[in-house]
Structures are given as C-alpha cells and as structure tokens.
Amino acid sequence: MKKDPAVEAEVARQMEVLTRGAAEVIPVEDLEAKVRKSIKTGKQLTVKLGIDPTGSDLTLGHTVVLQKLRQFQNMGHKVQLLIGDFTGMIGDPTDRTEARKQLTREEVLANAATFKEQAFKVLDADPAKIEVMYNSDWLSAMNFADVLELASKMTVARMLERDDFKKRYEGNLPISLHEFMYPLMQGYDSVAMKCDVEIGGTDQKFNVLMGRTLQKEDGQEPQVVITMPLLVGLDGVKKMGKSAGNYIGVTEEPNDQYGKTMSIPDHLIATYFELVTDVTVEELGEIKKGLEAQTLHPRDAKMLLGRTIVTKYHGEAAALEAENYFKTVFQNREIPEDIPEYEVEPGEKWVVALLTELKLAPSNGEARRLIQQGGLKINSEKVEDPQFQLVPADGMIIQAGKRKFAKLKLK
RNA sequence: GGAGAGGUACCAAAGUGGCCAAAUGGAGCGGACUGUAAAUCCGUUGCGUAAGCUUCGAAGGUUCGAAUCCUUCUCUCUCCA
C-alpha cells in the first residue's frame, strides 16, 4: 500500500496532539489507523465520554479528560457525551458515604445541564462537534433475558480484577451484586453508540476496556481506549477529588483558583501544565527545561500556571486581579483592597459572637480558639482577649487567620 | 439456612463498668518559618462566654455510675451449606 505523504503528515500531527499526556492508548496502532482512515474518508471519529449526572461541581481533575476531548474536537472529530441517566437513576454505588439516593428523571436532567454548563468551558459547543446522548435510550429497553445474556459475557473473577472492587473486597467493604452490572452497562453503551474511541481516567480502564470486549462480541470494530492520568490534588499525594478536599473547582472564585494553584507542590507544576492547560507541546517543553535547569523559578512557573488556569475559566482580567490579590495578601502580608462587606447592628458586641455571625468561624468554640491562638486582628491589631467587647465602626476590618477578612458596615 | 467477628468523633483506629468529651494517626484550624495556601516545627480540634448539655449503629434494661454488662432490632464482614 502506497502512503500519501500529505496524509501521513496529518496523521503524525494529529497523533502528537491526541496522545499527548495520555496514560495509555490501547492500542496505539488502532488509533493511528482510525485517524488515517478518518483523514482519507473525511469522516469524523466519534469519541465517547461517559459521565454520571451527579450534579456536583467539576474540579480540574475532571477537566483532564475534557481537555483531551477538546483536542479531538480541534482535530475535527466529534465528541459523544454520554449522560448516564439510567445508571444515575439507580444511584451511584461506589460512593458509599452517601445514602443511595434515587434520582428522578428531572434531577438527572438538571444535573446533566449543570455538567454541560461547566464542561463547555472546556469543550467546543459547536453542534457539529458534539452530540449528547442518554443511555436510558437503550438500557431501559432491555429485559431480563437481555441482561442475562449480557451478564454471561463476564465472570466474577474478572470483575474482581477491577481495582476498586478488589480493594473493597479485600478491605471487607460491601459490594452489592448489581454493582457488577455497572461495567457491563458502561461497556454496552459503547456497543449501542458504535464508538471509535473512548476516553476515561486510568481508574476507568477496566470499564472502558469492557466496551472493547463487548463490541468485539457484537462484531464491531472495537473502540480505541485512551486513559488519562488522574490529576494529583493540591496535597501532592492523593488524586484530586471533592472528598479529599484537595481540589480546584472549575466554578470557583478566581482568588481561590489562583491561590490553590500556588499551593501545589513544585514537582506537579509541569504535570498541571500538561493536563489542565492548553499550552502547546513546545511551550510545555520550555517550561520543563526551565524548571530543570533552574532558570525558571518554581514560584514564577506557578504564577504563570495560576494565571493560565484562572484565565481559562474567568478571563484574563480576573486572572490579573487574582494575581494581585495573591501578591498583596500572601507575599506582602497586606490587607487586600476588596474585602467583602458585612452589615452589622451598631452597639457593643462580644467578638466571639461577631466572628461566628460573620461566618469567619463555624462556632463560638472555634472562634474563641482562634482568638486565643492569636489569629484575630482588628484593624491590623491583634486581639487576644476572648472576652473583648467590640464597638463596631464603619470600615472596621476584621481578619481571622491569614486569609479571611471582613469589613464592617453599620446598618 | 448455620457458625463466628464487628459497627467508636470528619476519616482511620484504641478503649471493654467510674481516672472517657473518649488515646493515637490522618485531615482541619491557628501560630512560627518560607518564593508558596508546599515542607517542617509548635499549638489546637463536640456544643455552650458559664452552670451545664448532647456524643461511641438504634431502641430498651441492669447499675449510685455504661462507649464498656444484658435484651431486641439493624447494618457490614468472614467461614460453612
């Protein structure tokens, strides 16, 4: 077979972008073949991402896969966003901390809308490049015989290979039988959707590979699986997640996004650039080189990272503002200019109660502790007496700890 | 269906009649330090300005006194069938 140099150049270009940052591409040759075919025929590849409509706020961790999808879109391919409304209505069993709440149809749709709203900060909303699908369309139509047929394709031993099942099994944590159906359902989605590619975090590898297995059984060309590394959270150890509290939220305030970015350990800087920003492969190389050669100060690299992230979600003006805020409050230890104002009744007040009222402390006990530990400043003066009676004045500045401020305003 | 083990604070895990608002670790919060909201070190961590109040799966009971003993219920795990 003769190779067309123009086509091959395009294949190489796409492959570089599409495989960037990926943990695994299974198998790479198939992806290359699919890309080549797509270029020759002019037919877009369909790329699936399945999501649970839990309605939660997205973190930068979620955006890692979204970024990858965006790159596919940029190469002219089409994203199939699969809303797991069927699985969502049953309730996500992996999250045992919350009672399994059954989501209603309306809740699922509302949550899906929340997801889309956030996801489109990363994805291209061009209808030619994205399609939203719901798995209840085919899953709810299956009867028990269909389910048994599907279940016969898998064994318990293989299911227990899956990491989180294995851990829970070994850790004496309950596994409900129907949870075994989840990977099957997810795999079946790929059959129903006839996907070319499916993207998921490395934790999804098992499920996503199930799609390949079932597609083969069905006589389809199996999808290529691309797994993306799980983004390590702010603590530098655990994966970024809501429950670990080590996350940066997509919808968070610019100041928080920026500040949190500044708190990541140095060794994660390059990883963050690679996985959650749009810097080019070349720029990424520059940054890595700079950090290694110590010509680029990690602090400056982080500041650039923070600015890049905030710009992406809030725009450049907000990013600059957040940077200034950070410099003022944390680098120079000054009081920022924009402090949220709170209206207070005039007249003498017990400081502890005031802190609680302003939500600078969750309870009186915590507020008292904060004061005793020297964490309270009023108009830049330390107040260490928990019995202190304060006479509020307009413009009075209360600082609780290093980074919580409130400005008083008399009613 | 049978036998056994277990459910402790945000999480993990000690405690097995009073000294337990409950060790310890993690997380959180405050302080010091720092380029940093990192690392490290120190302090602190139910609610209540106090008297006191509520906490150890749930409900009852024994006792002057229970996280600890008894009964029932409930959930989880392990082994056997």
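Residue numbers start from 1 in every chain, and the chains themselves are labelled A, B, ... in the order their sequence lines are given, proteins ahead of strands.
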Name the pairs: protein N/O against N/O of nucleotides 38-42 of chain B, kept only if under 3.5 Å.
none

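- Side-chain proximity of A:F326 to the nucleotides B:G30, B:U36, B:U49 is greatest for B:U36.
- Within 4.0 Å (heavy atoms only), A:N255 reaches at least one base atom of the nucleic acid.
- Comparing A:P386 and A:R369 by the nucleotide of RNA chain B whose heavy atom lies nearest to each, the residue mapping closer to the 5' end is A:R369.
- Across the P atoms, B:C53 and B:G7 are found 28 Å apart, a figure rounded to whole Å.
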Please tabulate, one pair per line, each protein N/O and nucleotide N/O from nucleotides 79-81 of chain B that are separated by under 3.5 Å, including the distance.
none

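- Residue contacts shown for A:G259 include a base, since a base heavy atom lies under 4.0 Å away.
- Remark: the separation of the P atoms in B:G43 and B:A50 is 24 Å, to the nearest Å.
- Among the protein residues, A:D300 comes within range of no part of the nucleic acid, since none of its heavy atoms lies under 4.0 Å from any strand.
- When the C1' atom is compared between B:U78 and B:G31, the two are found 48 Å apart, to the nearest whole Å.
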Please step through side chain to side chain contact (heavy atoms under 4.5 Å, CB included) for the pair A:Y247 and A:L60, ending with a clear verdict. CA-CA 7 Å; A:Y247 68 97; A:L60 282 191; over 6 Å; no
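- Across B:G61 and B:A66, the matching P atoms stand 13 Å from one another, rounded to whole Å.
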